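Note sheet for the following structure.
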Amino acid sequence: MTPPAKGPAGTSDLPEEDTGSASPLDFIRAIVAADLAAKKYKGRVATRFPPEPNGYLHIGHAKSICLNFGVAAEHGGTCNMRFDDTNPAAEDIEYVDAIQADIRWLGFDWGDRLRYASDYFERLYGYAMRLIERGTAYVDDLTAEQIRAYRGTLTTPGRESPHRDRSVEENLDLFTRMRAGEFPDESKVLRAKIDMASGNINMRDPVLYRIRRATHHRTGDRWCIYPMYDFTHALSDSIEDITHSLCTLEFEDHRPLYDWVLDELAVACHPQQIEFARLNLSYTVLSKRKLLTLVKEGYVSGWDDPRMPTLVGMRRRGYPPEAIRTFCDRIGMAKRENVVDVAVLEHAVREELNRTSPRVMAVLRPLKVVIQNYPEGQVEEVDAINNPEDPAAGTRKVPFSRVLYLERDDFCEDPPKKFFRLAPGREVRLRCAYFITCVDVVKNDQGEIVELKCTYDPATRGGSAPDGRKVKATLHWVSASHALVARVRLYDRLFLDEHPGERRDSLEALNPDSLEVIDTCRVEPSVASVATGDRYQFERLGYFCVDPDSTDDSLVFNRTVSLRDVWARIARTMKARG
RNA sequence: UGGGAGGUCGUUCAAUGGUAGGACACGCGGCUCUGGACCGUGGAAUCGGGGUUCGAAUCCCUGCCUCCCAGCCA
């Protein structure tokens, strides 16, 4: 596999070829390669990513973005950023800005090839007039309900509209007046004259234009008629000289219409539409409607809630864009319906973070530990490696003193088999510091453990014993008086059901424990000056990033993903077996 | 007796008439100052039935199952 280029993976700086083991091409890349070999488009490859600016981008869009920009880059081609903005009622400038920011963050660059379907409205209008002149489009006065009734059903053919045979002159006149605003909304539409008996419902005289008085975010009130998707999309592709128009499976039925429009108008460029299966992810929903519900009804804090599968959510969660691109490479490209295990995504995230994140020690649930034989008031600094995967990351000093905090989960008064951590009388290693032995357990009136008394072996400084004795566990810690207090947000999957999208009501499957906030975490002082978005590995716990809610005197971390946890798995099986 | 698309390990993607393979997940072992990482290893699949062929996941016939389509959304 080829990890995308380091910097922004624009249309020209991706590795052209995986020199070495040639991994097989997916079916779309195979078609593109064959077209290139056949000189089909004069050796040109031009794609586009055409979102409607009516929502935030999510991981499913990332698959399409990586495909479109990737295919173009692999052949020195181009990929246009195009907004399919033909429905002013649903769209908003907020989304056009957010979408561009997300794609840039993902690592792609469209240079000066930013396009809007709305820029083509005048040309599109001209094409519509041409269709009318050819006698293959007509103005219909039927209401929406009538059109639906006339359309027939899946198994029975439709009926032709009584207005289907209006003269070219009358259609031209009516359509001109539609544009001029002479008719109220929804009173007339322009329809293609194709075949009301077609088995493909999209070919039963599809609507091409509707009257809709709405202020468009780019064209304002200049238009009161707006073109429909099928008409706009095919022609926009053609206008932009696109060679391969890649879209998802549900548009397969639209391809005959796509081709009809371009053939009927005999345009110079007729791109080929190729459909691929959209991405589904286990334990998450990716439908715009459902994501909108989560936001609107307050189940999450917003589009950028770290539990959301949106690109903004993942960014805030701390997912590196490289990991998302790697994920998109790995899931493959096919036409079969699929549900990718979210573990594949998490694995890509861990892999990237393991390679790049500086290590730091933090204690989520502090348990006070006093080292009895360590001199009161003494402080020393131990050396800690910043990233064992990257020697260039260097080392840092971590203060050690008499009173420390350990993770509550790292102590067990009555340890079960295979629990290697601290227990009464047991010796363990404190990471980068000393071996300590637990000599006493202090409890409060409720019987809760409030403090541990330990001793340390001064000869084990640095973490190893001169006599060669071993310990079975190494624990993370922080010096109580030096540690910073931080708030940490622990995220878990938003849904408990593996396929929440298949339920009538996905909300029933919501995980009530998808967010846990801990306000009393302690982190080592080296993270005092951090910036929003900085990523760390909290040793033995997971990867965390600095949330924008952080201020100069209050740190907030999001847990991006936990480390793989073998002990948790062992504990789970032991519990299951009783 | 509508049209379109698709069925390969648990999941996902390969193999395009010639040893069914990778990744993730899972199991076992090793190593380790992170029960992380890493290394090794194991189990695990061609929807069913016929046919063509020396040889079929792949070609043919047939049956079954799944998904998409009846917005003046995209």
Side-chain angles (χ1 to χ4, degrees), chain A residues 1 23-26 30 50-52 54 84-87 89-91 140 142-144 147-149 151-158 185-191 197-204 206-212 226 228-230 232-233 247-256 275 277 282 288 329-348 350-351 354-355 359 361 384-385 388-389 418-421 429-433 435 462-464 470-476 498 537-542 562-570:
Chain A
M1 68 234 81
S23 54
L25 299 176
D26 60 62
E52 181 188 15
N54 71 341
D84 222 328
D85 55 350
T86 59
N87 182 12
E91 298 153 9
D140 198 351
L142 256 30
T143 64
I147 286 179
R148 190 186 320 127
R151 190 153 32 221
T153 70
L154 292 177
T155 53
T156 60
D185 284 12
E186 296 172 32
S187 61
K188 285 181 169 36
V189 292
L190 181 73
R191 289 230 253 170
S198 173
N200 182 345
I201 290 180
N202 295 304
M203 300 299 269
R204 318 237 264 229
V207 172
L208 266 22
Y209 268 87
R210 73 284 214 190
I211 305 173
R212 179 90 75 247
Y226 290 95
M228 299 283 289
Y229 165 83
D230 291 294
T232 308
H233 199 84
C247 62
T248 43
L249 249 31
E250 67 269 28
F251 292 102
E252 214 148 18
D253 286 345
H254 293 246
R255 179 153 31 95
E275 310 84 12
S282 64
K288 262 182 191 172
D329 278 350
R330 286 186 186 157
I331 55 176
M333 190 61 64
K335 299 194 71 160
R336 155 181 9 169
E337 294 289 334
N338 62 83
V339 181
V340 174
D341 192 336
V342 70
V344 178
L345 210 211
E346 290 173 347
H347 180 265
R350 287 194 183 99
E351 189 175 61
N354 175 53
R355 193 162 59 226
R359 272 61 169 171
M361 288 195 284
I385 292 171
E389 304 293 322
K418 293 188 181 169
F419 181 90
F420 301 147
R421 281 109 98 144
R429 171 170 39 232
L430 294 185
R431 177 116 240 235
C432 306
F435 284 11
S464 54
K470 301 286 186 194
V471 288
K472 295 194 84 170
T474 300
L475 309 184
H476 60 277
E498 191 174 350
Q537 182 196 106
F538 287 178
E539 291 218 38
R540 303 209 308 131
L541 296 173
S562 66
L563 248 29
R564 273 184 75 231
D565 190 344
V566 172
W567 166 243
R569 200 172 311 162
I570 293 171

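In this text, all values refer to a predicted model and were calculated from it rather than measured experimentally. Order of the sequence lines sets the chain letters (A, B, ...), proteins ahead of strands, with each chain counted from 1.
Here the side chain of V207(A) is nearest to one of C72(B), A74(B), G35(B), namely C72(B). With A74(B), U12(B), G3(B) as the choices, the nucleotide that has an atom nearest any side-chain atom of Y229(A) turns out to be A74(B). Closest contact between the side chain of A343(A) and the listed nucleotides A25(B), U34(B), A74(B) involves A25(B). Nearest nucleotide to the I201(A) side chain, out of G36(B), G3(B), A70(B): A70(B). The side chain of R210(A) has C72(B) as its nearest neighbour among C24(B), A15(B), C72(B). The side chain of E389(A) sits closest to G36(B) out of U34(B), G3(B), G36(B). Considering only side-chain atoms of P388(A), the nucleotide from U34(B), C69(B), A74(B) that sits closest is U34(B). Of the listed nucleotides (C73(B), G3(B), G35(B)), G35(B) has the atom at the smallest distance from the side chain of K418(A). You'll find that the side chain of R421(A) is closest to G35(B), out of G35(B), U8(B), A15(B).
If you check every strand for non-hydrogen atoms under 4.0 Å, N354(A) touches a base. Residue contacts shown for T86(A) are limited to sugar-phosphate atoms, with no base heavy atom under 4.0 Å away. Residue R204(A) is classed as having no contact, given no heavy-atom separation below 4.0 Å to the nucleic acid. Contact annotation for N338(A): backbone-only contact, meaning every heavy-atom pair under 4.0 Å involves sugar-phosphate atoms and none involves a base. Using a 4.0 Å heavy-atom criterion, one finds that E52(A) contacts the sugar-phosphate atoms exclusively. In this structure, R564(A) reaches the sugar-phosphate backbone alone: every heavy-atom distance under 4.0 Å involves primed, P, OP1 or OP2 atoms, never a base. At a threshold of 4.0 angstrom between heavy atoms, the contacts of L142(A) include nucleobase atoms, whether or not backbone atoms are also involved. Within 4.0 Å (heavy atoms only), H254(A) reaches at least one base atom of the nucleic acid. Counting any heavy atom pair closer than 4.0 Å across all strands shown, I570(A) reaches a base atom.
Taking atom P in both C60(B) and U52(B), one finds a spacing of 15 Å when rounded to whole Å. The gap from the C1' atom of U66(B) to that of C47(B) amounts to 11 Å, rounded to the nearest Å. As rounded to the nearest Å, U12(B) and G7(B) have C1' atoms that lie 14 Å from one another. Going from the C1' atom of G27(B) to that of C64(B) covers 35 Å, rounded to whole Å. Rounded to whole Å, the separation between the P atoms of G4(B) and U11(B) comes to 29 Å. Distance check on atom C1': G17(B) versus U46(B) gives 15 Å, rounded to whole Å. Comparing the P positions of A15(B) and G21(B) gives an interatomic distance of 14 Å, to the nearest angstrom. With C1' as the reference atom, C54(B) and G48(B) are 26 Å apart, rounded to whole Å.
Following rounding to the nearest Å, D329(A) (CG) and G22(B) (C1') show an atom-to-atom distance of 14 Å. Here G6(B) presents its P atom at 6 Å from CD of E252(A), a figure rounded to the nearest Å. The separation between R191(A) atom CZ and C72(B) atom P is 8 Å, rounded to whole Å. C68(B) atom P lies 10 Å from atom CD of E250(A), rounded to whole Å. What separates CZ of R350(A) from C1' of A23(B) is a distance of 15 Å, to the nearest Å. As a whole-Å value, the separation of K335(A) NZ from G6(B) C1' is 9 Å. Atom-to-atom, NE2 of H347(A) to P of U11(B) comes out at 20 Å; the value is rounded to the nearest Å. As a whole-Å value, the separation of R255(A) CZ from A5(B) P is 7 Å.
Taking the six-membered ring for Trp, F419(A) and W567(A) have ring centres closer than 6.0 Å.
OP1 or OP2 of G71(B) has at least one side-chain nitrogen or oxygen of R148(A) nearer than 4.0 Å. An OP1 or OP2 oxygen of C72(B) is reached within less than 4.0 angstrom by a side-chain nitrogen or oxygen of R151(A). Distances shown here put every side-chain N or O of R330(A) at or beyond 4.0 Å from the OP1 or OP2 atom of U12(B). Put simply, R429(A) has no side-chain N or O that comes within less than 4.0 Å of OP1 or OP2 on U34(B).
No donor-acceptor contact under 3.5 Å links the side chain of R336(A) to the base of U12(B). Counting atom types as modelled, E275(A) pairs no side-chain N or O with a base atom of G4(B) as donor and acceptor under 3.5 Å. Taking only distance into account, the side chain of D565(A) never meets the base of G35(B) through a donor-acceptor pair shorter than 3.5 Å. Between the base of G35(B) and the side chain of R569(A) there is no donor-acceptor pair shorter than 3.5 Å.
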### Stepwise side chain to side chain contact (heavy atoms under 4.5 Å, CB included) check, E252(A) with K335(A)
CA-CA 11 Å; E252(A) 214 148 18; K335(A) 299 194 71 160; 2.5 Å; yes
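The environment of CG in L142(A) is crowded: more than 12 heavy-atom neighbours from other residues, nucleotides or ligands sit within 6.0 Å.
Between the side chains of S198(A) and R204(A), not a single donor N or O lies within less than 3.5 Å of an accepting N or O. Using modelled atom types and a 3.5 Å distance limit, the side chains of R431(A) and H476(A) yield no donor-acceptor pair.
Anti is the conformation of G6(B), whose glycosidic angle sits further than 90° from 0.
Under the 4.0 Å criterion applied to side-chain N and carboxylate O atoms, E351(A) and R330(A) are assigned as salt-bridge partners.
Considering E539(A), M361(A), R540(A), R429(A) as possible partners of L475(A), the one that fulfils the side-chain contact (heavy atoms from CB on, under 4.5 Å) test is R540(A).
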